[in-house]
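Values below: all heavy atoms of this structure, side chains included; hydrogens, waters and symmetry mates excluded. Positions are given from 1 along the sequence. These figures come from a predicted structure and were not determined experimentally.
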Amino acid sequence: MSSMKMTENAGALEDQLRRAEQRIEALKARVEKADRELSEKTNLHLQTVEELSLAKLIIDQSPVILFRRKAGPTGTKPTLEYVSDNLRRFGYAPQDFLEEKIRFADIVHEDDIERLRDEINGYAESDVEEYTQYYRVLTKDGEERWVEDQTSVVRDNQGNKIHNQGILIDITERRLAEEKLKKSEEKFRRVVETAGEGFVLMDQELKIVDVNNAYCQMIGYSREELKGRHVLDLATDEFRSFMSANREMFLSREQRNLEGEVVSKDGRVIPVLIHGSTLRDDHGK
């Protein structure tokens, strides 16, 4: 073989080796890129799993129960697809509901179930997107618990209802407190209504919010005529001027006692001894 031929063969071989090395480098780059993408996806997946596990832990330890049920035609029995594990707070295993060994309607108080069904059917027929209901459920031990049910509708891309999902909150303690407060208010109103002294409840602007029968009888106006009026509209000119000049001083006191004069509906001037006090809410307002 001539030296020229050998040189040409060597050049061709070097060219092939160079192209092979380039292909190898390109393949290495693609492999490295694939490894990076796989690593990023793996890390993202692990992060997502960790976040979901943390979210589940928080939910399971909270008093808020999550649920998701398949939407069906009005009047049909809904199929529960998910309920959080903290349903066990009521003594029930979530799996029993998912396997329909027990239905949610089975644990609703018998005095509430008919109203609850009517409300749900009404919301479905009215195509309401979100609604809140209040009712009682029975724990596995037979204890009554009040719950607040916040439900929302889930739709597909075509706008069809596919799920109803939401949360259940145990509000038993709040409900008991409200009932206790209601009874206390009713007792207070009975005391006020049967008192011989006139009673006036005013807002911060001194406009009348409520009065008792004794006050109405004293000045000759009905409760409806008095509500919304400024209390000083009923005072004599002299007493109104005195109160206007000393308003801030009197309102700054929690308790106040003073004498004054009011004008009845028929024009009579009635001397009054006033015992006033400021009522505040739980936040001191």
Side-chain angles (χ1 to χ4, degrees), residues 52 55-56 58-183 185-186 189 203 209-210 224 227-228 281-282:
L52 289 174
K56 184 178 185 301
I58 293 173
I59 292 169
D60 289 345
Q61 293 181 351
S62 78
V64 179
I65 299 169
L66 278 65
F67 66 87
R68 182 181 178 93
R69 56 179 179 262
K70 188 175 182 180
T74 302
T76 60
K77 293 182 179 180
T79 301
L80 191 66
E81 293 189 343
Y82 171 79
V83 62
S84 54
D85 194 64
N86 55 353
L87 180 66
R88 297 179 188 277
R89 289 176 175 270
F90 293 156
Y92 300 104
Q95 196 63 29
D96 288 342
F97 285 84
L98 298 175
E99 295 175 358
E100 297 191 343
K101 294 178 181 179
I102 181 172
R103 303 187 69 89
F104 192 77
D106 298 335
I107 71 171
V108 177
H109 195 285
E110 61 180 0
D111 292 340
D112 296 340
I113 187 64
E114 186 174 348
R115 170 180 61 82
L116 189 64
R117 285 172 177 163
D118 290 343
E119 289 177 355
I120 292 174
N121 290 336
Y123 290 133
E125 291 171 0
S126 301
D127 209 25
V128 175
E129 294 294 315
E130 297 180 353
Y131 54 88
T132 301
Q133 296 174 283
Y134 300 91
Y135 52 91
R136 289 164 292 178
V137 297
L138 298 178
T139 67
K140 194 168 186 178
D141 294 333
E143 180 186 2
E144 289 184 13
R145 305 295 294 181
W146 277 95
V147 296
E148 178 180 326
D149 181 331
Q150 299 178 15
T151 301
S152 60
V153 174
V154 180
R155 299 179 182 273
D156 59 20
N157 294 333
Q158 286 72 44
N160 301 311
K161 292 181 182 179
I162 54 175
H163 291 97
N164 292 310
Q165 64 184 21
I167 60 175
L168 288 177
I169 307 172
D170 188 339
I171 60 167
T172 304
E173 302 306 321
R174 188 180 83 191
R175 189 82 180 197
L176 292 176
E178 289 173 350
E179 290 178 356
K180 184 177 179 181
L181 178 61
K182 183 179 179 180
K183 290 180 180 179
E185 290 175 345
E186 290 174 350
R189 177 165 290 280
D203 63 16
V209 176
D210 201 4
E224 288 69 28
K227 284 185 177 180
D281 62 19
D282 294 338

Checklist line | Donor on one side chain, acceptor on other, Thr139 and Asp141, under 3.5 Å | finding: no
Checklist line | side chain to side chain contact (heavy atoms under 4.5 Å, CB included) between Ser152 and Glu129, worked out | finding: CA-CA 6 Å; Ser152 60; Glu129 294 294 315; over 6 Å; no
Notebook entry, point to check: Do Val147 and Ile171 have side-chain heavy atoms sitting under 4.5 Å apart?
Noted result: no
Notebook entry, point to check: Do the ring planes of Phe104 and Tyr135 sit parallel (below 30°), tilted (30 to 60°) or perpendicular (above 60°)?
Noted result: perpendicular
Check: Passes side chain to side chain contact (heavy atoms under 4.5 Å, CB included), Asp170 versus Trp146? Steps please.
Finding: CA-CA 6 Å; Asp170 188 339; Trp146 277 95; 5.6 Å; no
Next item on the list: Answer yes or no: is there a side-chain heavy-atom contact under 4.5 Å between Glu144 and Val137?
Entry: no
Note to self: I'd like to know if Arg103 pairs up with Asp106 as an ion pair, taking the criterion as any Lys NZ or Arg NE/NH1/NH2 lying under 4.0 Å from an Asp or Glu carboxylate oxygen.
What the structure shows: no
Checklist line | Candidate list Val108, Asp118, Ile107, test side chain to side chain contact (heavy atoms under 4.5 Å, CB included), partner Ile113, passing option | finding: Val108
Check: To the nearest 0.5 Å, how far apart are CD in Glu130 and CG in Asn164?
Finding: 11.5 Å
Check: Is the number of heavy atoms from other residues, nucleotides or ligands within 6.0 Å of CD (Glu186) greater than 12?
Finding: yes
Notebook entry, point to check: Is the shortest heavy-atom distance from the side chain of Thr132 to the side chain of Asp149 under 4.5 Å?
Noted result: no
Next item on the list: Under the side chain to side chain contact (heavy atoms under 4.5 Å, CB included) rule, what do Arg69 and Phe67 come out as? Steps first, then yes or no, please.
Entry: CA-CA 7 Å; Arg69 56 179 179 262; Phe67 66 87; 3.2 Å; yes
Next item on the list: May I ask you to check whether over 12 heavy atoms, not counting those of Arg189, lie within 6.0 Å of atom CZ?
Entry: no
Check: Are Arg115 and Asp112 close enough that some pair of their side-chain heavy atoms sits under 4.5 Å apart?
Finding: yes
Next item on the list: Look at Asp127 together with Lys161 and state whether they make a salt bridge at an N to O cut-off of under 4.0 Å.
Entry: yes
Notebook entry, point to check: Would Leu138 and His109 count as a side chain to side chain contact (heavy atoms under 4.5 Å, CB included) if you check the C-alpha gap in whole Å, the side-chain angles of each, and the deciding distance to 0.1 Å?
Noted result: CA-CA 6 Å; Leu138 298 178; His109 195 285; 4.1 Å; yes
Checklist line | Check: Tyr123 and Glu119 side chains under 4.5 Å, non-hydrogen atoms | finding: yes
Next item on the list: Among Arg174, Gln133, Arg175, find the residue that satisfies the side chain to side chain donor-acceptor pair (under 3.5 Å) test when tested with Glu148.
Entry: Arg174
Check: Given side chains that start at C-beta, do those of Ile169 and Gln150 come closer than 4.5 Å, heavy atoms only?
Finding: yes
